[in-house]
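The first residue of the sequence shown is numbered 1, and numbering continues consecutively from there. Only heavy atoms go into these numbers, but all of them, side chains included; no hydrogens, no water, no symmetry mates.
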Amino acid sequence: MINSKMPVNSPPQPLLFDIEYTNMTACYQEGDIVSAVGEWILQYKTRQDFTYVYFNSMRTIDSQSKDYNDPWPVNISAFLPHALLSLVMIVIISRGLHFFLRRLKQPLFVSQMMAGILIYQFCNVGRRVDSIDYHMLFQPKNRRLEQSLSNIGIFFNFFLMALKVDISSIWLMGKKPFIIGIISLSIPSMVTFIVYFFIRNLLGYHVKSKHDFSLPLLAMLCHSFFFVQAEVLSELGLLSSELGRLALSTSIIQDLIFWILTPVFNSMTQSQYGEKNVILHLLFFAIMVAFIILVIRPYALWVVRNTPSHARVREVHITMITLLVILMALASDIVGASYIVGPMLMGFALPSGPPLGTALVGQIDLVATELLLPLVYIVAGREMDWTAAGQDPSHGLCLGIMVLIASITKFATVAISAAYCGLPLKNGVLLGLIMDFKGIMETLILIYFKSGRVINGATYTYLILVVVAMTSISSLLVSIFYKPLDMENNVCKNVRDLSCQSELRIITCFFDDKPIPALLDFFEWLTSLVAQHSTCIYALHLKELRASSRSSLVCHHKGKEHTDKMNMDPILNHFATFAQQKKEKVTVMPFTSVVPQTNLHEDICSLVVERKIALVIVPSPRKNSVAYAESDQSVRDLIPLVLEQAQCSVGIMVYHNLTRVASTLQGHQFCIGVVFIGGPDDREVIAIAGHMAYHPSVQLNILHFRIPCIIGSKRSDLVELCVREQKLDDQVIDQLQRENAHNDRLAISEVAINDPVQIMDVIHPLGYKYDLLLVGRRHKHLSILESEALVEWTEWPELGVIGDLLASPDFKTSANILVVQQHGFS
C-alpha cells in the first residue's frame, strides 16, 4: 500500500497513480475522469474485502515558481494552453487531410486518425527534450487535461449516438438482420479464438495476459458497431440505401448482444475479489438503470408533452438533461462500469427526434463531436510505438494472420448469410465490405487495453494500422462498386409506353398536408371508373431525418386490401379513403420515408425501379401562394435531384392553397387545359391528358401552338430536328382524336405563333377558366424557346421557360400547374 503522506519539500509525484488490491496492483495513467478533478486526495479506506485507494493529484504552481524537474516555467507548460493547442492542431490537420481524402471516398475517421499519428509520431522527430515546442506538445504531464477533455467528448458523443437510435424499431426489422447479425458475429468469433489459441505462444512478451488479449481482437474484427456504421454510411451517402439500412439493422443486433454481455463480463471480472463485490456491482448498476427508466425517461416524456408543436424546448430542460448526462457518466464510473455506459443508456431511454432529441443534438453536437472528440485521436496517436513495432516483424506477421483469417471469415459469413436471406451475390459481397467498417469504437477498445497494459506498444500500433486500413479499403471499394441508383439492368417506363390496359403506377411525395387537395384533385381526374386501366398510387410521406442515425422506409400496406392504419401517419389516411371511393380501380400503397435531407430523392428513385413506376408527382406551392413557407425550400431542393435521377417521367405540381377536393364535388365540371408546343415532354403530357379524357366530369382543351421551324430554330440541324418532332407531334394528336372520336368533352385548337410572348397572350385571358394546366418542361427542338436570354430570365429553371411563365405571380390564375418531363430525353 502506498502512503499518501510525503515530506513537505519533496518533489511532486508523477501523474501516475497506483491502486493496490489484495493480490493485485493495477496501474492507471493520468486522464481518467476522476483525475480531471483539481487538487484533492481521494482516500478510500476499507478492511479485508475492500480496497485502499490513494490518489495525489498534482498541485497548482503559480507562474513565478518552477517545477523541480521542469526547465521551463509552468506558465508555458500549463495544462490549458497545451490542450487548446492540441485541439486546434487536430481539427485543422484532420480537416485539411479530409479535404483531399474525401475525393478518394475516405471517411473522416481515416483523416482524424492520420492527423493524430502525424501530430505525436512524426512532429516530434528530431525535437530536443528541452525545447519549447517539445515542452508544449509532448511533455507527459501536460496530457492530463487533454485526455480528460477527450473523455468528456467521448461520453457526450456516445449519448448523442444512442439518442439517435430508435430502440422500438428493432422489432420491425424482420428476420434478415437477426440471421445475418448473429451468424456473422458468432462464427468469426469462434474461428478467431481458435486461431489465437494455436498461435498465442508466438506472441511472447507482447501480451501481458494471453487470456485477455483475445477480447480486443474479437471486438475489433468480429463486431460491427452501429455507431461506426452509421457514421461512415452517412459520409458515403448510403444511409438510406437498401444495403445501408440492412447494415445498420444488422449492427444494431450485434450491438445489443455486445452491451448485454458487457455487464456480465464486468461481473465475472469482479468475482475474483469475492461474491460480495459482484453483488454490489450488479446492485449499483441496477439502481442506475432503474433511475434512468423510472425518473429520467418520464421527465423527458413530460418535456415532450408540454412543448407546443413547432416550438423550441426550454433552455432549462436542455441544461437539466445535460447535467444528468454528466451525472450518469460519474455514476457508471463509480459503480464499476465504463463511464460511457451511463450516458449511452440514458440516450437510449430518451425519445429521439423533435422536439427534445433535435434540440439536444443541436445544442451538444458541435462542441462534443467536432471539438472535444478529435482529442481522442491525439491520444490514440500518442500511444503508438513505431520503434517497438519495427523490432519484431514476426509478431506483426502473427497478428496479420489473425486479422486476415478473421476478416475473411466475417466477410464470407456475411455474404453467405445474405445469400440465404435472398440477397443477390453482389449485394451480399458489398454488405460484407460494409460490415468491415471500423472507427471510434475499435480505437477506444485498443486505447483501453493499451492503458491497462494488456497489450504493449507494438501490438497496439499494428492493430491501429489494421483498423485504419480496413476502413480505408472497404469504404473505397463500396463507393466504387455500390451504386444504389444504377439502373443499367432495369427497363424504365413512361406513361406513353403503357398500353391502354396496363396498370398506371404513380409515386407522389409530400412533406405535409398542404398539397393533399391538389394531389387528390389530380388523381380524381386521372382515374375513372369507366377507364380500361387501373391505377396504383404510391403515397410517400417524406420526413427529414433529424436527431437520428437510422433512416427508414416503412410500407403500411400489409397485404391485399389491408392497410396498417394504426401505425400510419394520419396524413396518409386521405389516400386510403380515396382508394375506397374508387373501389377496385385504384390501389394506394402508403409509405413513410425518414431520411437525411441530402438523400430524400433516393427512396423515390429506388421505388421507381423496384415497382416499375411510370410517373412521379412532386408538389410545390407557388411562391406568391399563402401556402408557401420556408419549409418548402426542402421541396425546391428535392426537385432537381428527382428530375436528374428518376428513371421515369416526372411531374412538378405547382399548386395553390385550395381546400376543395374534386371527388367531393359531385356533378361539377372541371376544365383542364394542355399547352402543347411539341417535343417528347409535350407528347408525354398528351399521354397523361389521354387518361383524363375518360373522366365524365372533365372538359379537356388542348391548345396546339405551332411555331414554324424556320422561325423556331435558327440552325439548319435544328430545323431538321424540328421537322421530325412536328411529325411525331401530329401523330400523337391524331391518335388522341381517333381514341376520342365520340367524346364531345375533348377540344383541340391550333394556334400559329411566332414567339413565346404570343403563347402568354393566348393563355392569359383564359387563366381563371382552367382548374389544371399541363405543359412540357423542355422544347429543345425550338431554339427560340431555349435561348440563353429566356433561360436566364426564368426564376424557376426546373419548370422550364413556359412552365415558369405559367407559375409566375404575373400570370393570374387559380389553376394548378403540372410541368412534365419525360425520361430518356435530354
Determine, for Arg777 against Asp681, whether the closest basic-nitrogen to carboxylate-oxygen distance falls under 4.0 angstrom. no
Side-chain H-bond candidate by donor/acceptor type, Gln735 with Glu739, under 3.5 Å: yes
Test salt bridge (charged side-chain N to carboxylate O under 4.0 Å, His left out) on Arg245 and Asp603; report intermediate values, then the result. CA-CA 12 Å; Arg245 289 194 176 105; Asp603 279 341; 2.8 Å; yes
Can you tell me which residue among Val820, Ile507, Leu818 is in a side chain to side chain contact (heavy atoms under 4.5 Å, CB included) with Ile617? Leu818
Can a donor-acceptor pair be found, under 3.5 Å and without considering hydrogens, that links the side chain of Asp513 to the backbone of Ile571? no
Under the 3.5 angstrom rule, does the side chain of Asp729 hit a backbone N or O of Gly679 as a donor-acceptor pair? yes
Between Gly678 and Asp682, the two heavy atoms sitting closest are N-OD2, 3.1 Å
Has Asn816 got a side-chain atom pairing as donor or acceptor with Leu772's backbone, closer than 3.5 angstrom? no
I need the Ile802 CD1 to Ile817 CD1 distance, nearest 0.5 Å. 12.0 Å
With a 6.0 Å cut-off on ring centres, are Phe510 and Phe575 close enough? yes
Distance, nearest 0.5 Å, that separates CZ of Phe670 from CG of Leu700: 14.5 Å
For the student: nearest non-hydrogen atoms of Val635 and Pro619, plus distance: CG1-O, 3.1 Å
OG/Ser606 to NE2/His601 distance, rounded to the nearest 0.5 angstrom? 9.5 Å
Grab the two heavy atoms, one from Leu498 and one from Ala614, that are nearest each other, plus how far apart they are. CD1-CB, 4.0 Å
Nearest 0.5 Å, what's the CG-CD1 distance between Leu615 and Ile688? 5.0 Å
How long is the gap from CD1 on Ile639 to SG on Cys509, to the nearest 0.5 Å? 8.5 Å
Under 3.5 Å, is there a donor-acceptor pair between the side chain of Gln821 and the main chain of Leu643? yes
Heavy-atom distance under 4.5 Å between the side chains of Leu600 and Ile604, does that happen here? no
Under a 4.0 Å threshold between the charged nitrogen and the carboxylate oxygen, would Arg706 count as salt-bridged to Asp730? yes
Got a donor-acceptor contact below 3.5 angstrom from the His704 side chain to the Ile748 backbone? no
Keeping the roles fixed (side chain from Gln647, backbone from His823), state whether a donor-acceptor pair exists under 3.5 Å. no
Check whether any side-chain N or O of Arg505 sits under 3.5 Å from a backbone N or O of Arg611 as a donor-acceptor pair, and report yes or no. yes
Where do Glu235 and Arg102 land on the salt bridge (charged side-chain N to carboxylate O under 4.0 Å, His left out) test, with the steps shown first? CA-CA 9 Å; Glu235 293 186 42; Arg102 68 182 179 183; over 6 Å; no
Hey, is the main chain of Arg745 close enough, under 3.5 Å, to the side chain of Gln699 for a donor-acceptor pair? yes
Which atoms form the tightest heavy-atom contact between Leu572 and Ala539, and what is the distance? CD2-O, 3.8 Å
Would you check if the side chain of Arg683 reaches a backbone N or O of Gly776 as a donor-acceptor pair within less than 3.5 Å? no
Measure from the side-chain N and O atoms of Asn494 to the backbone N and O of Arg496, and report whether any donor-acceptor pair falls under 3.5 Å. no
Rounded to the nearest 0.5 Å, what's the gap from CD1 on Ile537 to CG on Leu519? Could you check? 9.0 Å
